Engineer: 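Let me give you the structure first, and then I'll get to my questions.
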Amino acid sequence: MSVDAIVIGAGFAGLYAVHRCVAAGLTVVGLEAAPSVGGTWYWNRYPGARCDVESVDYSYSFDEDLQSDWTWSERFAAQPEILAYLDHVADRFDLRRHYQFETDVVGARFDAGQWTVETSTGDRVVGRFLLCATGCLSAVNRPDIPGLDDFAGEMYYTAAWPREDPDLRGKKIGVIGTGSSGIQAVPILAEQAESLVVFQRSPNYTVPMPNYPWSSADLQRIRDEYPERRQRSAYAAAGTPHGTYHKNALDAEPGERLDAMWQRWRDGGVLFAKTFPDQTSVLEANDIARRFAEDRIREIVTDPAVAEDLIPVDHPIGTKRICTDAGYYATFNRDNVRLVNLRREPIEEITEDGVRTASATYACDVLVFATGFDALTGAMTRIDPKGPDGQRLSDIWVDGPLTFLGVMVPRLPNLFSFSGPGSPSVLANMALHAEVQVDWAIGLMVDALGRGITEVEPRRDAALAWTDGVAEAAERTLFPRAQSSWYLGANIEGKKRVFMPYAGGFGNYRKYLDDVAQRGYPGLVLTTGVAW
Ligand code: N01
């Protein structure tokens, strides 16, 4: 089969990419490992999975009718509703017919002006352009803990939760991992379990998510203000309409600061990570917000020793992804819940019937791994595309991810990668981020095809300059101080430690993309050499 464009993935970016290809008159085939659409929202169906960006913002903006026809039921949508939304989008724009589902991409090679993609079904698909909408949080991290294979009970990964929700009522559950996924799942699992042991290697900061159903008045107000809301999001730092408090923490009086922090805490969710403009860049300002959050932990958790164990010690607040929860800290006041601090008593092995740490053995019927992802690069390096001179992505990224504008990679012509390193990605609203990157890629593809250009590839010096800029943007923030963060690849053994997302803001990023397109794509080599 030979097409203009091959799209890998059927999440936010993949679905939109297929839609835009079709609208541009290109032939396209989509390849998706899951049996249906949804991407990360297909797989992450663990109890409590919910998005921490408000539903009305965490949705496509490209089609006003779609936007006004779809009604979100809650302020923060749960996984089933987001999946239903993406299902609706796939049906509404008739996207499924372009996809081959249950099809893993196992290899990709560029030769003679086109990509040949090999799949787990034994097919080969040939296309001029390869659009990798493979996701930034999709390559599951399955830790190699001694004895894992000996465990006789049930084992689940939050990031690959079974479609048929397992019945965990009355069971002894162990949860390994306390990032956003573990923190969301724990309060619900605690209600179901006979006993719940939370194995925590690193504590994280989490902010309550004050969720509520949208009233019809809320929805009417949002519909009325949608154009303005989207306008504000389009060039905002995180791709949402929310800003920071109007003053730096260090410029505000203590009482004023406290009021601002309480306001943010009650508004809930990730926004607390940037209450003040200087919070993510000045340690003294960050400390003010950090101490406020730590006071909340000590207030909620009744056992002071447990409270201290739940307080992070290794990073400024918000420099690892801040979590949002529905009663996480209060869960540790329950009689059936126990926190195990793995920094004090590391896991030594998993046994047939539980987990043995350096100090004790914990009996478990069920183990839930909320151990995260080989984030940002893992989905791409697992495919490891090969360029025309035989160089693989893993060779090109041996010293860390090298990209042009977070979308293209030198020596891999006609390849676009979405939501990956070098782009704001996980620091921004993924729905709008997908639109911006895909629009840029389709714009370039259409331009190239119109001019008879067969190969588009970033120059190495342009990619180096962009990647240096990504590093400089990170250096202007406190993010690199979180040395154990997956933003730096620290959770994956052997992974090069580089701060991967572009921390200069979604709005600025978008301006770079706009500017490069308007100036006729400086930084790219455009070749007309190969006849299709
Ligand atoms: O993954 P994580 P996640 N032994 O990497 C621990 C988004 N998201 O799936 O920190 C013991 O954050 C690991 O410990 P440590 C969001 O961007 C959003 O929870 O490496 N523990 C850590 O505690 C988020 O940041 C939403 O020391 C081990 C945990 O597992 C991102 O996805 C919801 C271990 C992994 O945490 C990833 O979140 C969910 C081992 N061998 C996710 N290996 C919302 O929108 C790992 N850990 C709300």
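A quick note: this is a predicted structure, and the numbers were derived from the prediction, not measured. We count residues from 1, following the sequence as given. Order of listing sets the numbers, starting from 1, for every ligand and every atom in it. FYI, side chains are in, hydrogens and waters are out, and symmetry mates aren't considered; it's all heavy atoms of this structure.
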Engineer: Tell me whether K495 at atom NZ has more than 12 heavy atoms from other residues, nucleotides or ligands lying less than 6.0 Å away.
Structural biologist: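 Atom NZ in K495 is packed in, count exceeds 12.
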Engineer: Any atoms of ligand 1 less than 4.0 Å from a non-hydrogen atom of L342? List them with their elements.
Structural biologist: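 Those atoms are 11 (C).
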Engineer: Can you tell me if CZ on R338 sees more than 12 non-hydrogen neighbours from other groups inside 6.0 Å?
Structural biologist: no
Engineer: In terms of atom number and element, which parts of ligand 1 are under 4.0 angstrom from non-hydrogen atoms of K320?
Structural biologist: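 The list of qualifying atoms is 10 (O).
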Engineer: Which of the atoms in ligand 1, numbered in the order shown and given with their element, are less than 4.0 Å from a heavy-atom of G372?
Structural biologist: 1 (O), 5 (O), 9 (O), 35 (C)
Engineer: Is it the case that R142 places NZ or CZ above or below the six-membered ring of Y157, under 6.0 angstrom from the centre and within 45 degrees of the axis?
Structural biologist: yes
Engineer: At what distance is the nearest protein heavy atom to atom 6 (C) of ligand 1, and which residue and atom is it?
Structural biologist: G177 CA, 3.7 Å
Engineer: Tell me the contacting part of T371 for ligand 1: side chain, backbone, both, or neither, using a 4.0 Å heavy-atom threshold, strictly below.
Structural biologist: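 Looking at T371 and ligand 1, atoms from backbone and side chain both fall under 4.0 Å.
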Engineer: When you look for heavy atoms under 4.0 Å from ligand 1, do you find them on the side chain of I183, its backbone, both, or neither?
Structural biologist: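 No part of I183 is near ligand 1 at this cut-off.
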Engineer: Which residue and non-hydrogen atom of the protein lie closest to atom 36 (O) of ligand 1, and at what distance in Å?
Structural biologist: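 For atom 36 (O) of ligand 1, the nearest protein heavy atom is G179 CA, 3.5 Å.
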Engineer: Is the backbone N or O of A234 less than 3.5 Å from a side-chain atom of R510, with the two atoms forming a donor-acceptor pair by type?
Structural biologist: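 Side chain of R510 to backbone of A234, a donor-acceptor pair under 3.5 Å: yes, one is there.
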Engineer: Between the candidates Y58, F76, F199, W486, which shows the shortest non-hydrogen contact distance to atom 31 (C) of ligand 1?
Structural biologist: W486
Engineer: Taking the six-membered ring for Trp, are F418 and F416 parallel (under 30°), tilted (30 to 60°) or perpendicular (over 60°)?
Structural biologist: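 F418 and F416: parallel rings.
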Engineer: Main chain of G153, side chain of D365: is a donor-acceptor contact present, judged purely on distance under 3.5 Å?
Structural biologist: no
Engineer: Would you tell me which option among G269, C323, S181, C51 has the nearest heavy-atom contact to atom 19 (O) of ligand 1?
Structural biologist: S181
Engineer: Without hydrogens or angle criteria, can the side chains of D218 and S215 be said to hold a donor-acceptor pair below 3.5 Å?
Structural biologist: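 Yes, side-chain donor-acceptor contact under 3.5 Å.
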Engineer: Quick test: of every protein heavy atom, which one is nearest to atom 7 (C) of ligand 1, and how far off is it to 0.1 Å?
Structural biologist: L137 CD1, 3.5 Å
Engineer: Are any of the N/O atoms on R343, whether in the backbone or the side chain, positioned under 3.5 angstrom from an N/O atom of ligand 1?
Structural biologist: no
Engineer: Against heavy atoms of T324, which atoms of ligand 1 measure under 4.0 Å?
Structural biologist: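 Numbered from 1, ligand 1 contributes 48 (C).
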Engineer: Please state which option from R201, Q200, R50 has its nearest heavy atom closest to atom 46 (C) of ligand 1.
Structural biologist: R201
Engineer: Side chain, backbone, both or neither: which part of A370 comes within less than 4.0 Å of ligand 1 when only heavy atoms are counted?
Structural biologist: backbone
Engineer: So, are R50 and E74 salt-bridged, with charged N and O less than 4.0 Å apart?
Structural biologist: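 Yes.
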Engineer: Say whether, by atom type as modelled, one donor and one acceptor occur between the side chain of Q279 and the main chain of A273 under 3.5 angstrom.
Structural biologist: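 Checked: pair present.
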Engineer: Considering the heavy atoms of Y46, write down every atom of ligand 1 situated less than 4.0 Å from one of them.
Structural biologist: 33 (C), 39 (C)
Engineer: Using a 3.5 Å distance criterion without hydrogens, assess whether the side chain of E349 forms a donor-acceptor pair with backbone atoms of T351.
Structural biologist: no
Engineer: Within a distance under 4.0 Å of any heavy atom of P143, pick out the atoms of ligand 1 and give their elements.
Structural biologist: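 Matching atoms, with element in brackets: 41 (N).
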Engineer: Name the closest protein heavy atom to atom 23 (O) of ligand 1, giving the residue it belongs to and the distance to 0.1 Å.
Structural biologist: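 Of the protein heavy atoms, T178 N, 3.0 Å lies nearest.
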Engineer: Identify whether the distance between the nearest side-chain nitrogen and carboxylate oxygen of E54 and R229 falls below 4.0 Å.
Structural biologist: yes
Engineer: Any nitrogen or oxygen of S202 lying under 3.5 Å from a nitrogen or oxygen in ligand 1? Just yes or no.
Structural biologist: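 So ligand 1 has an N or O lying under 3.5 Å from an N or O of S202.
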Engineer: Output every pair passing ring-ring contact (aromatic ring centres under 6.0 Å, His included) with a member in residues 295-320, not counting sequence neighbours, ordered by first then second residue.
Structural biologist: Y205-H315
Engineer: Write out the residue and atom name of the closest protein heavy atom to atom 11 (C) of ligand 1, then the distance separating them to 0.1 Å.
Structural biologist: I176 CG2, 3.6 Å
Engineer: Provide, to 0.1 Å, the distance between atom 8 (N) of ligand 1 and the closest protein heavy atom, together with that atom's residue and name.
Structural biologist: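 Scanning the protein heavy atoms, the shortest distance from atom 8 (N) of ligand 1 goes to S180 CB, 3.8 Å.
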